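So you know, we letter chains A, B, ... as the sequences are listed, proteins then strands, and number each from 1. As the structure is a computational prediction, the values presented were derived from the model and not from experiment.
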Amino acid sequence: MGNNKQLTSQSEDFSAWYNEVVLRAELADHSPVRGSMVIRPWGYGIWEHMQSALDTMFKETGHENAYFPLLIPMSFIEREKEHIEGFAPELAIVTRAGGKELEEPYVVRPTSETIIYSMYAKWVQSYRDLPVLLNQWANVMRWEMRTRLFLRTSEFLWQEGHTAHATAGEAEEETLLILKLYRKFMDEWLAMPPITGLKSDSEKFAGAVNSYSCEALMKDKKALQAGTSHFLGQNFSKQFELTFQSEAGTEEYAWNTSWGVSTRLIGGVVMTHGDDNGLVIPPRLAPTQVVIIPILAGEETSGVLEKADEVLGRLKKLGVRAKIDSRDNLSPGAKYFEWERKGVPFRVEIGPKDLQNEQLALVRRLTPEGENRKAFLPETEAITKLPEKLEYFQDDLLEAARTRRDDSTVRGVNSFGELKEAFDSGAGFVYTGWSGNPAVEDTVKEQLKATIRVLPGEEFLSESSPRKCVSGDTDSVTEVVWARAY
RNA sequence: CGGGGCGUGGCUCAGUCCGGUAGAGCGCUGCGUUCGGGUCGCAGAGGUCCCCGGUUCGAAUCCGGGCGCCCCGACCA
């Protein structure tokens, strides 16, 4: 890296490509704290668009934001047995504060179920207080052994929704509502179409009855768990005395759900759309959607800059996020490379020739099939068509990602040998039958490094369901989707 | 925690075997030039060679100890 102007190509070393592009597109940087990153403005800008889209969707479905503390009493975390077993190895614990040893250590939240449901217990008396539908935007900490920018860092940003309901049915409905919401968000905003479904027991959230997941396929054919929605049953409400008086007058434990997506999504977008020239940011997420490069040649400098300003104003009026790159110490070519690396969807060039001809040069980050990379369009046409061109670009990205996903999906695999063959020949998602026996998962994981990503939801099931478990030994009880995963 | 590698200007690294005044490219600053796909030229700034100790007239280089980081394997949004 460093003095190399070219990025390592994806085909040569996808993982090196990822690391380089994240750093050189200035999404994030390594911090002095082991395993923790700094999210730079370009990366944080993307996160802000994700946040605002999700936040709107949460509120449209009746949720409200709140904030709970960073530090959680150790005894809270320990109360739910599976929960503590799952998180114990990755807890950061505060034992000293104010110059002395604490009586009870605090855990830096790895997730907030315990402290949140302890508060709900205080607020809920009757079925009339239900449901409680809260979300918080927060940072969490999980001490990871191996970290990668965005994909796995010790501290990360996320949202965690936590709800309490009077009945199991309502809570299950909520879990699925959010799963659907996440899927819609990933389709429409990230152009990263996930498959969704239920997690197998070995992959479910520590403390949940069951977990649903959105699994997206990256360009290297590996799956990324992009969002999860958990049905918690009464596991936490029983530990935290989250009870209410039912309509019939009996005392009942509430039913909970929790769900979250994190800054990991940024890594997902990078690996879904990026290419050898750098990032490709879906227009709806792009902090800058259109960059205007003035060509400052000859005598026309001031005229060109004036025109650039005028174009900027007109684009902004149309709701396009545009900016001018007027730095005078870089050649236009250098700027092209830089903004392409950063993944800006469109570039407008304005030079002396264009002033004369009342035209603009328009370049799309990915040139559609059969089009010239650089199109010279009448000025007004170029400007007024940009909003819809941004939408087309967004749609094209989704379409391309969906095609990639489906093209690398293999269905109807009936045996361990076929499963291996599928992965050996570059499959992403592979559908097989499964007996439900965890030993099969262990074998596949050990030998093929693939895991069950989900028991696919209805809309992803194969047309005819498999008869045999992939192990070949027994009948299948459910179809499952295997992949190598991040 | 096992296996491998590396610590030298902001970045990537050469120099270490074989000790002798600390280098390159990129980046940065200034001036000029150029500007429609990574302009060019000139001038310049910038280094406790990871740390501590030893050997030596002399250590980035040799010896001993320590620290840190990266990569590969077992856990994970």
Side-chain angles (χ1 to χ4, degrees), chain A residues 1-8 13 15-16 19-20 23-24 29-30 32-35 85-91 109-111 138-148 150-160 182 199 202-206 208 211 213-216 223-230 258-268 277-278 293-301 304 325-341 347-357 359-363 373-376 445-446 449 451 485-486:
Chain A
M1 220 187 81
N3 58 351
N4 295 343
K5 290 185 169 176
Q6 289 275 336
L7 296 163
T8 300
D13 185 344
S15 156
N19 292 334
E20 286 175 24
L23 292 172
R24 292 190 55 201
D29 203 352
H30 296 283
V33 182
R34 196 197 79 105
E85 278 173 9
F87 281 106
E90 45 192 71
L91 295 180
R109 64 176 162 226
T111 179
N139 58 338
V140 287
M141 176 160 280
R142 301 177 185 179
W143 212 254
E144 298 289 350
M145 299 189 177
R146 286 192 58 203
T147 61
R148 298 193 65 193
F150 292 115
L151 300 176
R152 175 162 300 106
T153 49
S154 289
E155 181 184 0
F156 58 90
L157 304 183
W158 76 346
Q159 58 68 214
E160 48 180 324
Y182 281 159
K199 281 289 185 188
S202 68
E203 295 263 330
K204 81 174 166 69
F205 176 74
S211 293
S213 173
C214 296
E215 300 278 329
L224 183 76
Q225 181 169 311
T228 46
S229 183
H230 312 291
S258 69
W259 27 275
V261 299
S262 73
T263 39
R264 176 180 243 198
L265 291 174
I266 296 170
N277 297 320
I293 312 283
I295 312 297
L296 305 170
E299 305 300 307
E300 286 292 355
T301 302
V304 167
D325 183 349
S326 58
R327 288 175 294 177
D328 62 2
N329 58 334
L330 290 181
S331 68
K335 293 177 187 174
Y336 302 163
F337 279 99
E338 182 173 327
W339 290 110
E340 276 170 20
R341 190 163 59 232
R347 170 174 89 236
V348 167
E349 300 170 19
I350 304 177
K353 270 189 264 171
D354 306 315
L355 288 191
Q356 281 188 341
N357 304 337
Q359 64 178 19
L360 299 175
L362 190 62
V363 181
R373 181 153 69 161
K374 205 174 280 195
F376 289 90
K445 185 173 182 180
E446 194 185 316
K449 300 205 156 113
T451 47
Y486 275 93

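- Using a distance-only test at 3.5 Å, with no hydrogens or angles considered, a donor-acceptor pair links the side chain of A:K335 to the main chain of A:D325.
- A salt bridge is absent between A:K445 and A:E203; no separation between the charged side-chain nitrogens and carboxylate oxygens falls under 4.0 Å.
- In this entry the distance linking NZ of A:K335 with P of B:rG37 reads 13 Å, nearest Å.
- Comparing atom distances between the A:K445 side chain and each of B:rC75, B:rG36, B:rA77 picks out B:rC75 as nearest.
- Stacking of A:F337 onto the six-membered ring of B:rG38 is present: less than 5.5 angstrom between centres, less than 30° between planes.
- One atom, CZ of A:R327, and another, C1' of B:rC35, lie 14 Å apart when rounded to the nearest Å.
- Counting non-hydrogen atoms under 4.0 angstrom, A:T153 reaches a base of the nucleic acid.
- One atom, CD of A:E144, and another, P of B:rA74, lie 15 Å apart when rounded to the nearest Å.
- Using a 4.0 Å heavy-atom distance criterion, A:K353 is classed as a base contact.
- For B:rA22, there is no paired base (Watson-Crick or G-U wobble, both distances below 3.5 Å).
- Looking only at distances, no side-chain donor or acceptor of A:R347 sits under 3.5 Å from a matching main-chain atom of A:V363.
- Remark: A:T451 engages A:R453 in a side-chain hydrogen bond (donor to acceptor under 3.5 Å, both in side chains) (not counting sequence neighbours).
- Remark: B:rU34 base-pairs with no nucleotide; criterion is Watson-Crick or G-U wobble with both hydrogen-bond distances under 3.5 Å.
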- request: Take A:F205 and A:K199 through the test side chain to side chain contact (heavy atoms under 4.5 Å, CB included) and record every step on the way to the result.
  value: CA-CA 9 Å; A:F205 176 74; A:K199 281 289 185 188; over 6 Å; no
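- Using a 4.0 Å heavy-atom distance criterion, A:I293 is classed as making no nucleic acid contact.
- Residue contacts shown for A:R373 include a base, since a base heavy atom lies under 4.0 Å away.
- Distance CZ/A:R327 to CG/A:L296: 12.0 Å, rounded to 0.5 Å.
- More than 12 heavy atoms of other residues, nucleotides or ligands sit less than 6.0 Å from atom NZ of A:K374.
- The closest donor-acceptor contact from the side chain of A:S213 to the backbone of A:Q225 lies at 3.5 Å or more, if one exists at all.
- Among the protein residues, A:F376 comes within range of the nucleic acid bases, having at least one heavy atom under 4.0 Å from a base atom.
- Comparing B:rC70 with B:rA59, their C1' atoms are spaced 27 Å from each other, to the whole Å.
- Across all strands, A:G260 comes closer than 4.0 Å to no nucleic acid atom at all (heavy-atom distances).
- Interface remark: the A:E340 side chain does form a donor-acceptor pair with the B:rG37 base, using a distance-only criterion of under 3.5 Å.
- Map A:H30 and A:E90 each onto its nearest nucleotide of RNA chain B; the residue landing nearer the 5' end is A:H30.
- The distance from atom CZ of A:R24 to atom P of B:rC26 is 14 Å, rounded to the nearest whole Å.
- Remark: the separation of the P atoms in B:rG9 and B:rA14 is 13 Å, to the nearest Å.
- Heavy atoms of A:Q225 sit under 4.0 angstrom from primed sugar atoms or phosphate atoms, though from no base atom.
- Under a cutoff of 6.0 Å and an axis angle of 45°, A:R264 and A:F156 do not form a cation-pi pair.
- Searching all strands for a Watson-Crick or G-U wobble partner of B:rG47 with both distances below 3.5 Å returns nothing.
- Looking at A:Q159, its side chain does come within 3.5 Å of a backbone N or O of A:V261 through a donor-acceptor pair.
- Rounded to a whole angstrom, the distance from the C1' atom of B:rG19 to that of B:rG54 is 15 Å.
- Taking atom C1' in both B:rC49 and B:rG23, one finds a spacing of 12 Å when rounded to whole Å.
- Nearest-nucleotide positions on RNA chain B for A:S15 and A:W158 put A:S15 closer to the 5' end.
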I'd like a table of atom pairs between the protein and nucleotides 3-7 of chain B - only N or O on both sides, under 3.5 Å - with the distance next to each one.
none

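- Remark: C1' of B:rG38 and CG of A:D325 are 14 Å apart, rounded to the nearest angstrom.
- Protein atom CG of A:L362 is 14 Å distant from nucleotide atom C1' of B:rG36, rounded to whole Å.
- When distances are taken from the side chain of A:Y336 to each of B:rG38, B:rG36, B:rA77, the shortest belongs to B:rG36.
- B:rG2 and B:rC72 make up a base pair, with Watson-Crick or G-U wobble contacts both under 3.5 Å.
- On the P atoms, B:rG30 is 44 Å away from B:rC67, given to the nearest whole Å.
- Atom OH of A:Y486 and atom P of B:rC75 are 19 Å apart (whole Å).
- With both ends at atom P, the span from B:rA45 to B:rG65 equals 42 Å, rounded to whole Å.
- Look at the P atom in both B:rU33 and B:rG7: the space between them is 44 Å, to the nearest Å.
- A gap of 10 Å separates the P atoms of B:rC63 and B:rC18, to the nearest Å.
- In this entry the distance linking CZ of A:R148 with C1' of B:rC75 reads 17 Å, nearest Å.
- Out of B:rG38, B:rC35, B:rA77, the shortest distance to the side chain of A:R341 is found at B:rG38.
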